[in-house]
Amino acid sequence: MTTETQKETLGFQAEVKQLLRLMIHSLYSNKEIFLRELISNASDACDKLRFEALSDGALYEGESELKIRVAYDKDARTITLSDNGIGMSRNEVIENIGTIARSGTREFLDRLTGDQAKDAHLIGQFGVGFYSSFIVADKVTVVTRRAGLTAEHGVQWESSGEGDYTLETVSKETHGTEVTLHLREGEDDFLSDWRLQSIIRKYSDHITLPILMRLEGKEEDTAVNQANALWARPKADISDEQYTEFYKHVAHDFEPPLAHVHSKVEGKQEYTMLLYAPAHAPFDLWDRQPRHGIKLYVRRVFIMEDLDKLMPHYLRFVRGVIDSNDLPLNVSREILQHSKDIDAIRAGASKKVLGMLEDLAENDKEKYATFWREFGRVLKEGVGEDHANKERIAKLLRFATTHADTETGDVSLADYVARMKEGQSKLYYVTADSFAAAKNSPHLEIFRKKGVEVILLHDRVDEWLVSNLPEFEGHALQSVAKGDLDLGQLDDAEEKQAREQEQSTYKDFVEKIQAALSEQVKAVRISHRLTDSPACLVVDEQEMGMNLERMLKAAGQNVPQSKPILEVNPQHPLLALLQNEADAARFGDFSQILFNQALLAEGGQLEDPAGFVKKLNSLMLALASR
Ligand code: ADP
Ligand code: MG
């Protein structure tokens, strides 16, 4: 006996133990789904074999008819699922079912609340496929052999789902996987043709491979599912439940999707697509290497799961299948990289997905709000990424604005335009690194006073978004912190005149402040933006905004050195105080304080915080002693 054939006991990751306990608990009310999950895995394993066999036909070992079998044994109280798919090597067994090698496991567990209903929802999101066997089984035995390895490289994995599992090298004649569930006490009603058949019909009818059972009293196998491609059936013949179950399989998701689009495209390229928007973001949405994508079929034959060619990056949350009539059956990843046909399919499919989202936005605001909460930040990338569809994507965007002043933004640009004031020609926005900073920005004061809505941007991606979206339906997007604020028709003649008056009244005063701050600012001027604050910082129209500058610096980028403009509000009592300050040194300190305050209000960082505090304190004392 070599060391490899010895039975060895291995421990699950600590997280797995916790997860298993939780899952058994929270999914118990819907325990029959274990069968759906095991069938889904068997089907995936067959797909993988088919893909690998494209370049190495010997992997089939003479049997290219892929199938799944479900059997049970009343006396032994077991259910056995077998497939002749790709199987697993010893290492793959350890990797795939001995660990949960998924980024975010820890964070996931931290989010659990202990509340069963909520946790069931989360568990579903996490995707616990294989482990769901332990809902009904107190022992699970997996015997598997990877296609391409010889019979003596079989592996037997066994666990009671409590903390460890055993691994043993065994001999297995056929490639593929056999999963045996030893049922828990009280689960015997699963040991029936009728029960198993009806679960399979309910959840797994869409599986394209035959799911075989040897029914009682029969001499040969019966396929208990339809085993044809769901997407190839006419829409009218597909129920909502069938669409949903198919989604759960392709997306490895426990929750129903938000929406789907099922469409056949004819023309230069002929293909059918059945694509879905999930109801929640997967844990790997921001990973470089997502685990799932779109399944590509050619004339009903599964080819591969594609992660980045069939959908643009900003639609990477979409799941489903695309079935081409034109691509060659032996299409490889390399061919996909440079295929004009694939480019055309991606363009067509993107349009359909946008149509699906438009439809949702139009007809089901609540669902669209869910979609936006989960995927809005990803969709925003599309404005810069997909020039052909920029306008359509812009209409799908949702924002927080000063209209409701709440963080969950549901305002579309069209809503904004519809609420524009008489004489308003631009869409105003402010960017900051948090919602609170955006909402309380001093730059908004005049807009609030005049009742002009301002879009409150506080996502990191927003800076990139606005730099790619100079206008919406002919209206320029304008930062409230840039340029010499011109409210155009929003100001009446009287206000304009009053301003001009102010410019000359305070000319000398402003120049004096500027002299005191010549190191820090490019200019000082009278502000028309402020009503309550004494001062704020702005930059010139064509310059980089201060929020973006900070973001780039934080990311370690070289940012050209530029100075902001200080705007002061002469109506503010502090400025009246400053104006009356005769002591030149104190005037200088006071000006410094004004500048540093404005910088803080911006979300900026002081160069010399201790110096600022010292100046502030001495000024407070001086004022107090007056
Ligand atoms: P998922 O299907 O979402 O990847 P599962 O928990 O259902 O998660 O399965 C975990 C992994 O175990 C699969 O990704 C696959 O690598 C492996 N696996 C499970 N069942 C089989 C099977 N019947 N044949 C081959 N590999 C399997
Ligand atoms: Mg699975």
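Start at 1 and go down the list; that is how both ligands and their atoms are numbered. We use all heavy atoms of the structure for the numbers below, so side chains are in, but hydrogens, waters and symmetry mates are not. Along the sequence shown, residues carry numbers from 1.
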[X] N/O to ligand 1 N/O under 3.5 Å:
X: Asp44; answer: no
X: Asp83; answer: yes
X: Glu37; answer: no
X: Ile86; answer: no

Please state which part of [X] comes within less than 4.0 Å of ligand 1, counting heavy atoms only: side chain, backbone, both or neither.
X: Lys48; answer: side chain
X: Thr144; answer: neither
X: Leu38; answer: neither

Check this for me, if you would: do [X] and [Y] make a salt bridge, where the nitrogen-to-carboxylate-oxygen distance has to be below 4.0 angstrom?
X: Arg214; Y: Glu219; result: no
X: Glu358; Y: Arg392; result: yes
X: Asp308; Y: Arg316; result: no
X: Arg145; Y: Glu61; result: yes
X: Arg184; Y: Glu187; result: no
X: Arg195; Y: Glu32; result: yes
X: Glu162; Y: Lys139; result: no
X: Arg300; Y: Asp323; result: yes

Could you list the atoms of ligand 1 found under 4.0 angstrom from a heavy atom of [X]?
X: Phe130; value: 5 (P), 6 (O), 7 (O)
X: Ala45; value: 22 (C), 24 (N), 25 (C)
X: Ile97; value: 12 (O)
X: Thr177; value: 22 (C), 23 (N), 24 (N), 25 (C)

Salt bridge (charged side-chain N to carboxylate O under 4.0 Å, His left out) test vs Arg90 passes for just one of Glu168, Glu95, Glu8, namely Glu8

Would you check if the distance from the ring center of Phe317 to the ring center of Phe371 is below 6.0 Å?
yes

Checked the Mg ion (ligand 2): protein N, O or S atoms closer than 2.8 Å come out as Asn41 OD1

Residue pairs involving residues 342-357 (criterion salt bridge (Lys or Arg N to Asp or Glu O under 4.0 Å); sequence neighbours excluded):
Asp343-Arg346

